[in-house]
Amino acid sequence: LQSNTPESLRVVNLLQERNLLPPSPTPPPTPCLPQDLQKINCNPEVFRSTLTSIPQTQSLLNKAKMPLGLMLHPFKDLSQLPVVTSSTIVRCRSCRTYINPFVSFLDQRRWKCNLCHRVNDVPEEFMYNPVSRSYGEPHKRPEVQNATIEFIAPSEYMLRPPQPAAYLFVLDVSHNAVETGYLNVFCQSMLENINALPGDSRTKVGFITFDSTIHFYNLQEGLSQPQMLIVSDIEDIFLPTPDSLLVNLNECKELVQDLLKSLPTLFQKTMETQSALGSALQAAFKLLSPTGGRMTIFQTQLPNLGVGALQSREDPNQRASAKDIQHLSPATDFYKKLALDCSGQQVSVDLFLLSSQYCDLASLGCISRYSAGTVYYYPSYHHQRNPAQVECFQKDLKRYLTRKIGFEAVMRIRCTKGLSIHTFHGNFFVRSTDLLSLPNVNPDAGFAVQMSIEENLDDLQVVSFQAALLYTSSKGERRIRVHTLCLPVVNSLSDIFAGADVQAISGLLACMAVDRSATASLSDARDAMTNAAIDSLTSYRQSVLTIQQPGLLAPACLRLFPLFILALLKQKAFRTGTSTRLDDRVFAMLQLKYQPLVYSLLMIHPALYRVDDLTDEGALNINERTIPQPRVLQLSVEKLSREAAFLMDAGTVMYLWIGRNCHPNFLSQVLGVPSYAAVPDNLYLLPELDTAESQRTRAFIGWLRDQRPFFPPMHVIREESQLKPTFMQNMIEDRTESALSYYEFLLHLQQQISK
Ligand SMILES: [Zn+2]
C-alpha cells in the first residue's frame, strides 16, 4: 500500500526534518488529470486553485479544513496568445459559457457544456477550421485547442462605441510636494514616454494641478502656450472650458510637451501648504465622466482642505503595540463613494503616494480599491535624500505609462454547476454576484476568489472554471480574453490533501486575513491564520494518517504550511510588537490583496541567497548571458556568515547584506571598494565593473528583476546600517522579543493539535 502513496502524501515529521525549504522555487502542483486534458490545461501563472483536486461535497471540504479558492492573473502579459475573429462566438445557450477545450462533442453537430451540462448545437461556421482550413472537424478549432484565447467581439458586446484611450494626471503642487522634487521625474518620464502611451489617433490627455485651489490647463489646438485656469471656489467645482481641458494628444502634442517642460518650475516658490485633494478628485471626475479613462493622482501629504479632508489618526506610541491596531478601516466614506461614482462612469483611479508623514492610506486607498485602480507608495520620497526611491519611482512610471491597458472592462468567473463563488479579493466593484466591474484592467493586477460547494458534484469526474474578461483595447477594439481551468473531483480526504497547493492556500489566507483585520481585528486575523494550520494538520492526522506516530506530522505537499503561516504572522501587514507605521502596514495589506500570487509569495517569504561565491555551475543560459543559480537559504541568521555577502529578494525590495569580514575580493570586484569600512552608507547601485564577479552578480540580480513587471530597488546593508533591522525582521525563523521562532511555533502547533 505504501508504494501507492503519491509523493505529495509522504509523511513528514516537521519537528525532525529541519531543512525543508527546497533549494529552488517550487513549481505549482499539477492537477491529477488524464494526460490529454492536462496537456491543454490553463497556465497556473494565470489561473490556479488552492485545491487541485476538488472535493465532491461541502462536508468533505469542511472536514479538510482548507480554504477552496482560485488565484487569477487574467490580463498578464503573454508571449503567445491565440486571437480569434469570428462572426459568431460559440457559447452555451443556457449558462453563456464560451466553448472551450473541456467541452465534449456528442457528435459532429452537438457539444455538451462542461459547466451546466446542456447540449448545444454546433453552428455551421464552427465546422470550418480557419487554422487547418479544413471542414468538418469542430474539435480542432482554436477555441477547443487553447485554454487561453482572445476573441475580437462583435457589436453586440458593446453598449456604446469603444471609448478612446483617455489619461488624466492630477498633481499635488503644494509646498510639501515641491520639496520632494517628484514633479521633475514625472514630467521627464512623461516626455520620454509620450509616444509610447497605449492608444491611437483618438487618444486624449489632460492635466490638473492643485494646492488650496484647483488649476486646469487649457491645451486647445491653436494656443501659443498652455493656459492655466484657476478655480478657487473649491466648494463648488466647475469646469472652466470643458472641451479644451482633455485634448487629443496627437493634435496638441506640442502644447502638452510645453506644459510638461514648464510644470516643474511653475511652483518652485510656492508658500501653499494646503491640499484640497477631495475637490481636485471631484474636478477630475467631472472631466473624465463623458469618456471614462484613467485618472492618475500624485499626492504627497494628508489632504487637509475642503471635502475629503482627513485627520492624523495615527498614534506613534502604538506603532509597536502588541495589542490591537486601530484605524485600519477608512475614516470617511468620501473616497469609497467617489470611487463608485468613477466606476459607474468607467473611470479608474491610480494613486501615487509619495510622503514622509502619515497620509491615512486606509482612507485614501479606497479611491483605487473600488475603481479597479492601483496604489503605489514611496515613503520618505525625496529627490536628493532618497536616490533609491527616485530610481524606483522612475522605473515604475515607465512601466505604468507604457504597459498595455484595457478600458470599460468587466470580468465574469463561471464554474461548473454545484460550485459557487462567495467572496472576491482584489481591486474592483462587484456589480452582480459573479460580475466584476473594472473601469480599467492592467496586466499587473491579481484577483482571488473563495468558493463553496452548494450542490454535491456526484457523478462528475472533472469540473471547470472559466474567467472571461471583456474590455476595450487601447486601439478601440472590443475584445474578450477567456481562460478555462479543468480540475478533477475526488471523494476522499486523502485525495484532497494530496492535491493541496500550499502556496495558493497561503496567498488566499493572506487575502482573507486582510479582510478580517478590517472587519474584526488584527488579533482575530492572526488567530485565524494560526488556526488554519492547526485545523488542517489536525484533520490530516485524524482522518488521513493510517498509522499514528508521535511528532508534528504533515503531508509533503503541506510541509511548508506552518513556515508560510509564521512568515505571514511576521509580515508587515500582520505583525505585532515591532514598530510598524500605519500607512506601511495598510500598504502591505493592499499589496497582498491586489498582487498576483507569485509576487505576494516573495513578500510573504523572501528568498535569501549567498552571492559572494557565485559560480557558473548549474547556471542558466539566457540570450548568451550566464545567470548563476545559487540555492535558496532558510530565513535564519544561522545561515548568514560574517565572511560572506547575501542577497534577500523580498519581491518589491531587495537587500544586499555585507558581512563585516566579507572577503576583500567581493568588495573590490563587485562593490568596487577597497575595504568593508569604505562601503558607502547609501549604496543602491552596483558599479558596472569589468570583472567576472561583478558580471555574475549583476546578471543574477538583473534576471530576478526581469521576472516581474515592477522594479524592486536594492539596498546595500552593512552591519552598522540603519536598514539592518528591516533586513533582520525578515529572518522569520528566528525568535524575537515579541515573536516565536519557527521551532517554537511548531511546538505550539503540535500542542494544539494533540489537545
Ligand atoms: Zn452551459
Side-chain angles (χ1 to χ4, degrees), residues 31 33-34 36-37 40-42 46-47 49 54-58 68-70 72 74 82 84 86-127 137-154 156-157 410-422 424 430-436 447 449-470 479-489:
L33 285 170
D36 55 330
L37 290 184
I40 216 164
N41 217 353
C42 198
V46 168
F47 212 152
S49 173
I54 302 296
Q56 199 175 55
T57 65
Q58 180 67 34
L68 176 59
L70 304 168
L72 279 93
V84 175
S86 161
S87 56
T88 13
I89 295 179
V90 180
R91 301 174 65 178
C92 172
R93 288 176 63 92
S94 168
C95 72
R96 308 299 293 147
T97 290
Y98 294 80
I99 196 166
N100 62 73
F102 311 105
V103 304
S104 38
F105 284 92
L106 302 183
D107 53 49
Q108 287 271 323
R109 294 285 173 181
R110 292 178 306 156
W111 63 279
K112 191 174 173 191
C113 176
N114 52 330
L115 271 68
C116 75
H117 316 301
R118 180 198 160 111
V119 174
N120 292 274
D121 293 334
V122 176
E124 191 61 33
E125 193 195 341
F126 204 76
M127 297 299 287
E137 293 181 318
H139 59 285
K140 290 195 175 161
R141 286 271 304 196
E143 292 90 329
V144 278
Q145 293 293 327
N146 297 283
T148 287
I149 196 161
E150 191 155 281
F151 297 95
I152 313 269
E156 65 256 35
Y157 287 84
V410 287
M411 180 165 74
R412 200 186 290 272
I413 302 167
R414 295 182 170 86
C415 27
T416 293
K417 190 166 169 288
L419 292 163
S420 148
I421 295 173
H422 60 79
F424 294 90
V430 187
R431 203 182 289 165
S432 61
T433 49
D434 61 349
L435 188 71
L436 305 184
F447 301 85
V449 303
Q450 289 167 250
M451 291 184 295
S452 56
I453 302 162
E454 291 201 324
E455 285 171 47
N456 293 352
L457 305 169
D458 296 337
D459 310 324
L460 290 180
Q461 303 290 314
V462 296
V463 288
S464 300
F465 308 88
Q466 187 176 74
L469 179 68
L470 172 64
R479 288 172 166 245
I480 311 158
R481 186 170 296 191
V482 179
H483 307 286
T484 313
L485 174 71
C486 178
L487 296 175
V489 177

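Everything quoted here is computed from the prediction, not taken from an experiment. Counting convention: from 1, in listed order, for ligands and their atoms alike.
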Qualifying salt bridge (charged side-chain N to carboxylate O under 4.0 Å, His left out) pairs with a residue from residues 91-102, counting only residues at least two apart or across chains: none

Centroid separation Tyr157 to Phe151 less than 6.0 Å: no

His483 and Phe47 aromatic ring geometry - parallel, tilted or perpendicular at 30°/60° bounds: perpendicular

Thr57 versus Asn456, side-chain donor and acceptor atoms under 3.5 Å: no

Worked check of side chain to side chain contact (heavy atoms under 4.5 Å, CB included) between Arg109 and Asn120: CA-CA 9 Å; Arg109 294 285 173 181; Asn120 292 274; over 6 Å; no

Count of N, O or S atoms belonging to protein, less than 2.8 Å from the Zn ion (ligand 1): 4

Any donor-acceptor N/O pair, Thr416 side chain to Asn114 backbone, under 3.5 Å: yes

